[in-house]
Amino acid sequence: MMTDRGLRRCAMSFSHNILHGCADLRTVLRIFVTPNSPDNMKSDQLTFVLFGNDYRKNATATVSKILTFLLDRGAKIYMETALHDYLATHEPRLCEGIEPFGSIDVDADFAISMGGDGTFLRAAAHVIDRNIPLLGINTGRLGYLADVHPCDVESALSVIFEGNYTLEQRSVLQVTCGASELLAHPYALNDIAILKRDNASMIDIKTIVDEEHIITYRADGLIVSTPTGSTAYSLSNGGPIMVPQAPIIGLTPVAPHSLGIRPLVLSDDVEIQLHVASRSHNYLVAVDGRSVSCSDDNPLIIRKAQRQLPMLKTGRQSYFTTLKEKMMWGRDNREEECP
């Protein structure tokens with residue numbers, strides 16, 4: 001039998017994928033959970049898992065604001081062990097009533113990332129399997145994925161408790177090596193990068209798409225990116241910007257040997273096989289920055305995962321507004337007026 005929390009999650013997915021935002025989330029919850037209890041969501045305790053870095057002392061005020069807000073509303077809170085231990089040593093008052101966790105073994109309603117985009121990607125790796133909506137609060141630098149400013153924390157959390165948020169389902173890539181999973185977390189929200197070792201020469205990457213050999217890259221590496229990751233490592237190597245809702249995958253070579261090699265965009269329903277040849281007989285695979293050394297004996301297989309990441313949005317800022325503000329997209333300083 002599905003738990004109440006599982007039913008709530010089904011309702012969230014139903015609201016996003018079927019109703020396309022036309023129905024209030026609380027209305028959908030009443031249908032799925034208890035039709036005779038309109039105030040079910042208000043009376044039910046919400047559970048949050050918190051991710052953050054233990055070395056950002058300047059983020060303590062924001063963390064305190066988040067914890068105080070959640071505890072005042074009766075929420076159950078779990079926190080990463082490293083962050084919990086750091087706060088227990090330096091700010092013990094903030095840890096009262098909060099349980100640490102080493103790995104995600106709790107069933108939560110929401111996850112909160114407190115940091116930059118790196119922290120957001122680490123949190124995503126833990127919650128993708130459980131379909132937990134993830135909110136990013138930016139206490140780092142760029143904050144492209146973690147897009148809630150510390151000044152807006154309380155208003156963003158209020159939207160969650162009111163049920164007025166939206167979920168953006170982001171596609172995820174999965175990588176396997178032969179018949180076995182490459183990593184404990186084989187899912188990438190941003191990208192999977194195949195790279196030469198630091199002291200190695202270029203690598204050859206034979207690329208097969210749906211059993212058709214399309215090209216062999218001679219390069220320092222190859223980036224396979226989702227639309228979400230198109231504005232990350234891929235973009236810095238000349239890859240295209242892809243809107244998050246587009247059903248596509250990008251292939252962007254890293255420092256290719258030939259000037260005739262350009263980025264390629266594929267449909268996201270394909271299977272990509274990569275056969276890597278290196279003089280050192282090994283290379284690096286980085287899944288959202290989590291890298292591991294691989295032997296060139298077995299091919300890599302990359303495809304769109306069955307899972308998606310529900311990114312929690314509390315405002316109405318558009319994707320292109322974020323591009324303009326964070327990436328200075330389309331900005332021309334010549335058009336700015338002189339003071």
Side-chain angles (χ1 to χ4, degrees), residues 13 16-18 20-21 117 120-121 124-125 128 131 134 136 144-145 147 166-176 182 185-195 205-217 219 221-256 260-276 285-290 299-311 313 317-324 326-327 329-330:
S13 179
H16 181 274
N17 294 321
I18 305 300
H20 300 289
D117 289 345
F120 189 94
L121 291 173
I128 285 172
N131 196 39
L134 177 59
Y144 195 80
L145 295 173
D147 58 358
T166 58
L167 296 178
E168 290 185 7
Q169 298 291 345
R170 298 295 181 93
S171 61
V172 175
L173 295 176
Q174 180 177 6
V175 58
T176 57
L182 179 67
H185 302 293
Y187 302 108
L189 174 64
N190 262 3
D191 49 47
I192 298 168
I194 296 84
L195 303 167
I205 309 170
K206 182 179 180 181
T207 304
I208 299 173
V209 177
D210 283 346
E211 301 184 357
E212 179 183 359
H213 176 214
I214 62 169
I215 193 172
T216 296
Y217 294 99
L222 178 67
I223 305 162
V224 184
S225 70
T226 65
T228 299
S230 68
T231 50
Y233 191 19
S234 173
L235 184 63
S236 69
N237 283 275
I241 294 176
M242 304 183 290
V243 295
Q245 296 78 20
I248 51 181
I249 295 173
L251 300 183
T252 304
V254 179
I261 300 298
R262 290 291 181 262
L264 179 64
V265 176
L266 303 170
S267 170
D268 68 1
D269 59 356
V270 300
E271 179 182 275
I272 303 169
Q273 288 189 39
L274 302 177
H275 299 257
V276 182
V285 178
V287 181
D288 276 350
R290 306 180 302 274
L300 295 173
I301 299 174
I302 299 174
R303 60 172 65 91
K304 186 176 79 168
Q306 297 288 330
R307 299 167 176 82
Q308 292 180 308
L309 176 73
M311 285 180 61
K313 298 294 183 180
Q317 186 175 39
S318 73
Y319 176 76
F320 293 103
T321 300
T322 302
L323 269 182
K324 294 172 186 176
K326 301 289 186 178
M327 298 292 188
W329 184 62

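Values below: every heavy atom of this structure, side chains too, minus hydrogens, waters and symmetry copies.
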Rounded to the nearest 0.5 Å, what separation is found between the CD1 atom of I249 and the CG atom of D191?
12.0 Å
Determine whether L251 and I223 make a side-chain contact, defined as any pair of heavy atoms from C-beta on separated by less than 4.5 Å.
no
What distance do T207 atom OG1 and E212 atom CD have between them, rounded to the nearest 0.5 Å?
12.0 Å
Between Y319 and I241, is any pair of side-chain heavy atoms under 4.5 Å apart?
yes
Give the minimum heavy-atom separation between P227 and P244, together with the two atoms involved.
CB-CA, 3.7 Å
So do the side chains of V254 and Y217 get within less than 4.5 Å of each other, counting heavy atoms only?
no
Say you draw a straight line from CD1 of I128 to CG of D288; how long is it, rounded to the nearest 0.5 Å?
7.5 Å
Measuring from S230:OG to N190:CG, what's the distance to the nearest 0.5 Å?
8.5 Å
Hey, is the main chain of L145 close enough, under 3.5 Å, to the side chain of D117 for a donor-acceptor pair?
yes
In Å, rounded to the nearest 0.5 Å, how long is the span from OG1 of T322 to CZ of F320?
10.5 Å
Quick one, I205 with I194, criterion side-chain contact (heavy atoms from CB on, under 4.5 Å). Give me CA distance, side-chain angles, the key distance, then yes/no.
CA-CA 9 Å; I205 309 170; I194 296 84; 4.2 Å; yes
Might you work through the side-chain contact (heavy atoms from CB on, under 4.5 Å) test for I214 and I208, ending with a clear yes or no?
CA-CA 6 Å; I214 62 169; I208 299 173; over 6 Å; no
Using every non-hydrogen atom in the two residues, find where V287 and A188 come nearest and quote the distance to one decimal.
CG1-CB, 3.7 Å
Do P310 and L134 have side chains that approach each other closer than 4.5 Å (heavy atoms only, starting at C-beta)?
no
Could you tell me whether the side chain of K313 reaches within less than 4.5 Å of the side chain of D147, counting heavy atoms only?
yes
Do R170 and L189 have side chains that approach each other closer than 4.5 Å (heavy atoms only, starting at C-beta)?
yes
Report yes if the side chains of V224 and I272 come closer than 4.5 Å at any heavy-atom pair, otherwise no.
yes
Starting at CD of Q174, measure out to CZ of R307 and round the result to the nearest 0.5 Å.
7.0 Å
Begin from the C-alpha positions of L222 and L274 and carry the test side-chain contact (heavy atoms from CB on, under 4.5 Å) through to its verdict.
CA-CA 10 Å; L222 178 67; L274 302 177; 4.0 Å; yes
Can you name the nearest heavy-atom pair linking T226 to M242, along with the distance?
O-CE, 3.6 Å
I need the full list of side chain to side chain donor-acceptor pair (under 3.5 Å) pairs touching residues 238-256, with sequence neighbours left out, sorted by first then second residue.
S234-T252
So L173 and Y187, do their side chains get closer than 4.5 Å, heavy atoms only?
no
Sequence neighbours excluded, every pair satisfying side chain to side chain donor-acceptor pair (under 3.5 Å) that has a member inside residues 260-275:
S267-D269, D268-K304, E271-R303, Q273-H275
Scanning both residues in full, the closest heavy-atom pair of A124 with L309 reads CB-CD2, 4.0 Å
